[in-house]
Amino acid sequence: MESGINLSAKITAPNGLRSIWNSFLDTVFPPKCLVCRRLFQPAFASPESGQTAHTVTEIRDLLPQAHRLLNVLCCWDCVNALMAISEPLCACCGKMFKQPQADNHLCGDCIIQPKKFRIARAAMVCDQQSMAVIHRFKYAGKTQLAMPFGALMLNAYLRYWHPEAIDLILPVPLHNQKFRSRGFNQSYLMIDSWKAICSVKPVAAFNKRLRTDVLIRSKATVSQTGLGRRQRLKNIKGAFSVRLREAVNGRKVLVVDDVYTTGATVDECARSLLKAGAALVDVLTLARAI
Ligand SMILES: [Zn+2]
Ligand SMILES: [Zn+2]
């Protein structure tokens with residue numbers, strides 16, 4: 001049995017019996033790491049364990065909490081192999097620079113081809129290890145990963161934005177066909193988990209700003225995976241439309257996606273949103289190519 005199945009059993013156990021129940025389950029059904037499939041000793045984390053922060057300052061560093069939540073599902077080796085994004089970065093697209101002494105500045109790509117969005121930031125590096133975990137979430141339906149990933153994203157959000165800086169949070173929409181076959185929008189689930197991670201007022205208010213009815217995917221596109229930069233731009237052009245212009249007009253919008261590769265998808269979202277009157281469009285992703 002996989003740890004994901006065990007986890008749901010753990011969550012429904014009565015409060016007083018939870019730790020005994022968890023020990024029993026872990027003994028009878030030792031969980032396997034979602035990524036490397038090895039048996040491992042999971043950390044104990046209940047959904048309530050996330051709600052320990054009471055002020056914005058307390059939630060500034062959610063990394064240990066995000067790692068504990070991940071360690072319920074994945075072994076420590078797989079959790080520790082996830083690389084955080086570190087400065088210096090491109091001031092616009094968030095690309096990591098190799099020279100550690102440099103300040104943030106624009107990368108060559110953003111100078112040659114200015115982006116429609118204002119800034120893009122991410123929680124972790126997109127590499128083989130992070131893609132292995134993200135694929136388990138997106139393609140194997142391991143939606144229990146939404147909360148630890150959400151914690152990583154909330155940590156990144158509070159690192160780069162003031163809690164009140166954003167009026168509207170829009171997950172990159174899936175086309176109806178894809179949504180039906182997958183059953184969920186991974187970006188929506190990650191942000192929706194913020195309410196369970198933290199009950200601090202400004203963060204809890206994000207829930208009201210999270211909308212899925214504003215930006216829609218009007219064109220079914222082939223997956224961007226495996227396409228070159230030019231093909232990606234062509235593939236995604238005109239894919240999005242804004243359904244509720246009045247919800248966007250004059251608003252500071254945050255577009256949320258799982259992975260930033262060339263930025264073609266989020267930049268196309270930004271183009272549609274600015275055309276509909278958004279004051280600015282920023283981008284937050286779980287992982288970013290380096
Ligand atoms: Zn592992
Ligand atoms: Zn850049």
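The residues of the chain are indexed from 1 along the displayed sequence. Just so you know, ligand 1 is whichever comes first in the structure, and atom 1 is the first atom listed for that ligand.
Residue C74: no N/O/S atom is found under 2.8 Å from the Zn ion (ligand 1).
Annotation: side chain of E268 is in contact with side chain of R271 (closest heavy-atom distance under 4.5 Å). Between C107 and C92, every side-chain heavy-atom pair lies at or beyond the 4.5 Å cut-off. Counting only heavy atoms from C-beta outward, the side chains of C75 and C36 approach each other to under 4.5 Å. Residues L89 and R121 form a side-chain contact, since some pair of their non-hydrogen atoms from C-beta on lies under 4.5 Å apart.
For the side-chain contact (heavy atoms from CB on, under 4.5 Å) criterion with I166, the lone passing option out of V253, L284, L254 is L254.
Among protein atoms, those of element N, O or S found less than 2.8 Å away from the Zn ion (ligand 2) are C90 SG, C93 SG, C107 SG, C110 SG.
Ionic pairing of D109 and K115 is present here: one or more N-O contacts between side-chain nitrogen and carboxylate oxygen are shorter than 4.0 angstrom.
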